[in-house]
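What follows is a set of notes on a single structure, which appears directly below.
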Number of protein chains: 2
Amino acid sequence: MPEAATQTYTRADEAFDCLQTAIVKGDLAPGEKIGEVELCSRFNLTRGPLREALGRLESRGLLVRRPHAGVKVVSVSADELLELYRIRETMEGLAARQAAERMTDEEVADLQATLDNHEKMIEQAQGQAYYQAEGDYDFHHRIATGSRNTKLAQMLLGDLYYMVRMYRYRLSTSSGRPHMALEEHRRIADAIAQRDGELAEFLMKRHINAARRNIETKIHNGSLTI
Amino acid sequence: MPEAATQTYTRADEAFDCLQTAIVKGDLAPGEKIGEVELCSRFNLTRGPLREALGRLESRGLLVRRPHAGVKVVSVSADELLELYRIRETMEGLAARQAAERMTDEEVADLQATLDNHEKMIEQAQGQAYYQAEGDYDFHHRIATGSRNTKLAQMLLGDLYYMVRMYRYRLSTSSGRPHMALEEHRRIADAIAQRDGELAEFLMKRHINAARRNIETKIHNGSLTI
DNA sequence: AGTCGATGGATTGTTGACAATATAATTCCT
DNA sequence: AGGAATTATATTGTCAACAATCCATCGACT
């Protein structure tokens, strides 16, 4: 549960965060039908705020609601997951370009320091997929906010990343190629540091494209079933 | 008010649609602080469903809420409006490419028939900006759904277009270049008909880029103040 | 006179009870 | 016995009253 970073933290916000993390972490499985009263007792909530949170989550595409019929967690097919990566490719390419043009020098330094940190963690705990996934999220998060494009950051952080993370947890495969991904992150950060927006965009698109194809082959191999 | 296309139309849906159109049409001005009870009496609603709708609208970025302090319509600066077009450029480029690969022949025929219709309307009522705006929306709508990319269509139709339309109504400038825009639409549709995804993407990006620059110059001229 | 602090009013957040509807189990008919 | 219509139940949608919080006005102090 996140802290009360916002001054006042309403019950609906609490419900929203609880449900979102529960869905992302897989505590609520995709396709699962969930009753309102059950959720209330589970998270110590009342139905009013809960319903408000359900509305928000439906609006973000994390669950679907049929009137009077109940609410169930969204289940995304393998094809749709790959489509998600196609969207990420274009949007994060734009984010990288704008980040190269607009990030402050401090932000760039932080970004590269983050990558140093990731490198240490990968070397220490080899193949610790969990940290790799979080590190990857951290990197992309910084670039999204660094783009100074409010709506773009909102769409990436508020919509796409939660869905991608949901499948990361379920598949627990992060990317499966930690060193490769780190190297790609490094190159993107360098391009941003050199304020080369065009190159940053190109590298970011290629990076996400590679991740997509990685998942695609795993699915075709049958080693990944969704 | 839309029809009951969905089998059951709940009050919260009604509230959501009412508020959304009110915001888009400018009946609720950006930056305006609106009280819940006032909205209830205005749309003949009760506070429960209204609050659920407010949550959804906040989630979509059409209004901002501060706990216990009230809700106000979002006010987007000129810079942010231009950023919106940058996002559209990449996302709709992708949509056009995928539409070229996936639209059925019937859909392509419908798309081109739509353009014929637009041409007639433009010739008949020269400079009738309203229809031009709606026609433009129709065109882009068809391509978004034709991409067969669920999330992409959802983000375009559910998030971006409403914001863009909001400013269209306020500025009532549609694009200001109906014949030019129609010609660009034609070329995009032709590329889709020829199943040339790469070209469709290129043309769509250029089309939206032109629209963005058109707005940009108008802003710099001072003929557009937001 | 200007600024800081306290109190009143209004508005939002929350709660529990009531009404409407979809799913299901049951009964009746073919 | 199988299927269709029907009733019953449980779940969702809706409502109106209660509690908590913020904003503005007013007053006191520096």
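Just so we're on the same page: letters track the sequence lines, and every chain starts at 1. Side chains included, hydrogens not; waters and symmetry mates left out as well; all remaining heavy atoms used. Because the structure is a prediction, the values reported are computed rather than measured.
- Every side chain to side chain donor-acceptor pair (under 3.5 Å) that Asp105(B) has, sequence neighbours left out, goes to Arg195(B).
- Contacts with DNA chain C (heavy atom under 4.0 Å) in residues 33-42 of chain B: Ile34(B), Gly35(B), Glu36(B), listed by number.
- Using cut-offs of 30° and 60° for the angle between ring planes, the His207(B) and His140(B) rings count as parallel.
- Every residue meeting the side chain to side chain donor-acceptor pair (under 3.5 Å) condition with Tyr161(A), not counting sequence neighbours, appears here in chain and number order: Glu92(A).
- Within the 4.0 Å cut-off from OP1 or OP2 of dT12(D), not a single side-chain nitrogen or oxygen of Arg66(A) is found.
- In this structure, the CZ atom of Phe16(A) is 18 Å from the C1' atom of dG13(C), given to the nearest Å.
- Annotation for Lys72(B): atom NZ does not count as buried by contact number, only 12 or fewer foreign heavy atoms lying within 6.0 Å.
- Between Arg65(A) atom CZ and dT11(D) atom P the separation is 16 Å, expressed in whole Å.
- We find that Glu89(B) and Lys205(B) are not joined by a salt bridge, their nearest charged nitrogen and carboxylate oxygen being 4.0 Å or further apart.
- Rounding to whole angstrom units, NZ of residue Lys72(B) and P of dC23(D) are separated by 11 Å.
- Note on Arg102(B) versus Glu83(A): salt bridge recorded, some NZ/NE/NH1/NH2 to OD/OE distance being below 4.0 Å.
- For residues 55-64 of chain B, the pairs satisfying side chain to side chain donor-acceptor pair (under 3.5 Å) are Ser59(A)-Arg60(B), Arg60(A)-Ser59(B), Asp13(B)-Arg56(B), with sequence neighbours left out.
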Identify each atom pair where a protein N or O and an N or O of nucleotides 14-21 of chain C are less than 3.5 Å apart, giving names and distance.
residue, atom, partner, partner atom, Å
dT14(C), OP1, Thr10(A), OG1, 2.9
dT14(C), OP1, Arg11(A), N, 2.4
dT14(C), OP2, Thr10(A), OG1, 2.8
dT21(C), O4', His68(A), ND1, 3.4

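- Residues meeting the side chain to side chain donor-acceptor pair (under 3.5 Å) test with Arg142(B), sequence neighbours left out: Thr114(B), Asp138(B).
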